[in-house]
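For reference, the structure is listed below as structure tokens.
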Amino acid sequence: MLIGVLKEARTGETRVAATPATVAQLRKLGYDVVVEPGAGAASSFADDAYAEAGAAVGPVAGADIVLGVNAPAEQQLAALKDGATLIALLSPALNPDLVADLATRPITALAMDAVPRISRAQSLDVLSSMANIAGYRAVVEAAHVFGRFFTGQVTAAGKVPPAKVLVVGAGVAGLAAIGAAGSLGAVVRATDPRPEVADQVKSLGGEYLAIESPEVEVSSTGYAKEMGADYQAREAQLYADQCQDVDIIVTTALIPGRPAPRIITAPMVASMRPGSVIVDMAAANGGNVEGTVKDQAVVTPNGVTIIGYTDLAGRLPAQASQLYGTNLVNLLKLMTPGKDGVLVLDFDDVVQRSITVVRHGELTWPPPPVSVSAAPAAAGTLQAGATGAAARPQAPAKKLADPAVKWGLIGAGLAAFFLILATAPAPIPAHFATLMLAIVIGYYVIGHVAHALHTPLMSVTNAISGIVVVGALVQIGSHDRAVTLLSAAAVLLASINIFGGFAVTRRMLAMFSKGD
């Protein structure tokens, strides 16, 4: 089958649906690839680079599969051949007219921005890929406009305080913004109605500002939900207080299929200090900030800059194109089980079903809901599978052991212990008593260490291996050849464990070390 890569028709779009690197991967799946002339020019990918990767450069009208970043223009849609499969960012929940138009054509349309947020679909999640870039770029844009350092400094000319950054929404974009702002040395705070993100914020060095409300609960969809009046009132007071204190605000709050919620009001903006910056990443859906102008940066009367760019990911076009192209490759790997260049759309797969908007001209949108949360269901309820096709009861809770049986086993063990001590010849009783005490002490010392610390703790101390080495060295000079061989083997194996432990520790520490 032939894959065609469109040249984007949307004005100002810099991304492309395939890069020379991803073209090579598509070729390995058995596909032929054709790229429209100039498709990658805005991302610094020349036509010659595509040709070297094995793609043809020319029209895509005869392609079986057409890849794009945005929905094609009317002329491009009309040029698609019957039975073609279109894969792009279609925003079906926000573009009902486009969905209706696609349903009138004898094609199949897949929306990359409808990938469900489940673990095995992470490699296809375009929204996360683009949000990661956009969150990083939002901080870069703010730093460009902001008139001071992000990091605090003490110089001969005086002390410079660090910038204070508030990130509204700790999704993928928000976490990327937190990481970027923190790496520049700013004091970062973040809010989100999902309490489960608090640890993620803290892991990036940010401070999580919790809003205490009975409405706060673990998300069942992976996205934040629209909150009630009580939460919104508490939230508004928090933002009013923060606007008077912070220098930079990055808003990322979006609800799938809905206009962006209005979070920062005009009075809040007016309370900010002159020179402050707001980056409204929800500008494409109406904006989180009152006064945001889509695709523009405006300055309020009190000197606050509000940035409403909707092409933040596209401002890093080469990186964005590579990540988006990789998402498409991962989708085609899923849909090409034989790696023979034949696309297979499997509606029994929840991922493929969820992104299908139109199938052979038949409208299939919206898809069945997919539960993506690991939060426990209420007691006594049934949990449906990912496709909703079958429901099964929760696994019954493990029954606790009968106390009588438990104490009976303990008593039997103590009786056996004393029987061995009373009948065994010397010096076995003394050695056995030492062994039992070591087991008890080891249980209470090691057993109460957090599981996360087992590897670094044991890899450094290697207490057991050290004891084995010492004991083996004592016995290695024995006149009994079997004892000598066993001792030598014990020294070798324990030494491997010790030196390997230090190697593991070194690699673990390197994971947390910043490069030069």
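Values below: all heavy atoms of this structure, side chains included; hydrogens, waters and symmetry mates excluded.
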Selection residues 313-337 - residue pairs positive for salt bridge (Lys or Arg N to Asp or Glu O under 4.0 Å), sequence neighbours left out:
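Checked against salt bridge (Lys or Arg N to Asp or Glu O under 4.0 Å) - neighbours excluded - the pairs reaching residues 313-337 are Glu141-Arg315, Asp311-Arg315.
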pair [X]-[Y]: side-chain heavy atoms closer than 4.5 Å:
X	Y	value
Lys294	Thr310	yes
Leu323	Ile133	yes
Pro92	Val357	yes
Leu175	Gln200	yes
Val250	Leu166	no
Gln237	Asp241	yes
Phe150	Val165	yes
Thr108	Leu86	no

Applying the side-chain contact (heavy atoms from CB on, under 4.5 Å) criterion to Asn330, which one of Leu334, Leu328, Thr326 satisfies it?
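Testing Asn330 for a side-chain contact (heavy atoms from CB on, under 4.5 Å) against Leu334, Leu328, Thr326 leaves exactly one candidate, Thr326.
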Residue of the set Ile107, Leu110, Leu345, Thr85 for which side-chain contact (heavy atoms from CB on, under 4.5 Å) holds with Arg359:
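Of the listed options, the one satisfying the test is Leu345.
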[atom2] on [Y] to [atom1] on [X], rounded to 0.5 Å:
X	Y	atom1	atom2	value
Gln352	Met335	CD	CE	4.5 Å
Thr19	Gln319	OG1	CD	10.5 Å
Leu89	Leu127	CG	CG	7.5 Å
Leu332	Leu26	CG	CG	6.0 Å
Leu204	Lys202	CG	NZ	13.0 Å
Asp280	Asn288	CG	CG	5.0 Å

Check whether [X] reaches the backbone of [Y] with its side chain - one donor and one acceptor, N or O, closer than 3.5 Å.
X	Y	result
Thr336	Leu343	no
Asp295	Tyr309	no
Thr364	Thr356	yes
Glu290	Ala266	yes
Thr300	Val304	yes

Between Met272 and Ile278, does a side-chain contact (heavy atoms from CB on, under 4.5 Å) hold up when you go through it step by step?
CA-CA 10 Å; Met272 298 181 71; Ile278 301 175; 3.7 Å; yes
If you count the non-hydrogen atoms of other residues, nucleotides and ligands that lie under 6.0 Å from OH in Tyr136, is the total more than 12?
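Check fails, neighbour count at 12 or below.
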For Ser276, enumerate each residue passing the side-chain hydrogen bond (donor to acceptor under 3.5 Å, both in side chains) test, keeping only those at least two apart in sequence or located in another chain.
none
Kindly give the heavy-atom pair with the smallest separation between [X] and [Y], and that separation in Å.
X	Y	answer
Ala170	Asp192	N-OD2, 2.7 Å
Ser43	Ala318	O-CB, 3.8 Å
Ser128	Val172	O-CG1, 3.3 Å
Ala253	Ala282	O-CB, 3.7 Å
Ser321	Phe45	CB-CE1, 4.1 Å
Ala177	Val167	CB-CG2, 4.3 Å

Are the charged groups of Arg27 and Asp32 less than 4.0 angstrom apart, N to O?
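Between Asp32 and Arg27 there is a salt bridge, with a charged N closer than 4.0 Å to a carboxylate O.
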Assess whether a salt bridge exists between Asp247 and Arg148, defined as any Lys/Arg side-chain N lying under 4.0 Å from an Asp/Glu carboxylate O.
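Result for this pair is yes, salt bridge flagged.
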side-chain contact (heavy atoms from CB on, under 4.5 Å) between Val279 and Ile249, intermediate numbers included
CA-CA 6 Å; Val279 182; Ile249 299 177; over 6 Å; no
Evaluate the criterion side-chain contact (heavy atoms from CB on, under 4.5 Å) for residue pair Gln242 and Leu209; output intermediate values, then yes/no.
CA-CA 10 Å; Gln242 289 297 315; Leu209 303 179; 3.7 Å; yes
Given side-chain hydrogen bond (donor to acceptor under 3.5 Å, both in side chains), test Thr191 with Tyr239 step by step and report yes or no.
CA-CA 9 Å; Thr191 66; Tyr239 291 141; 2.7 Å; yes
Decide side-chain contact (heavy atoms from CB on, under 4.5 Å) for Val350 and Arg353; before the verdict, give the C-alpha distance in whole Å, the side-chain angles of both, and the deciding distance to 0.1 Å.
CA-CA 5 Å; Val350 63; Arg353 175 64 186 90; 5.6 Å; no
Extract all donor-acceptor atom pairs below 3.5 Å that involve side chains of residues 57-78 and protein atoms in other chains or at least two apart in sequence.
residue : atom : partner : partner atom : Å
Asp64   : OD1  : Lys81   : NZ           : 2.6
Asp64   : OD2  : Leu2    : N            : 2.8
Asn70   : OD1  : Arg10   : NH1          : 3.4
Asn70   : ND2  : Glu8    : OE1          : 3.4
Asn70   : ND2  : Glu13   : OE1          : 2.8
Glu74   : OE1  : Arg105  : NH2          : 3.2
Glu74   : OE2  : Arg105  : NH2          : 2.9
Gln76   : OE1  : Ala73   : N            : 3.0
Gln76   : NE2  : Lys7    : O            : 3.0

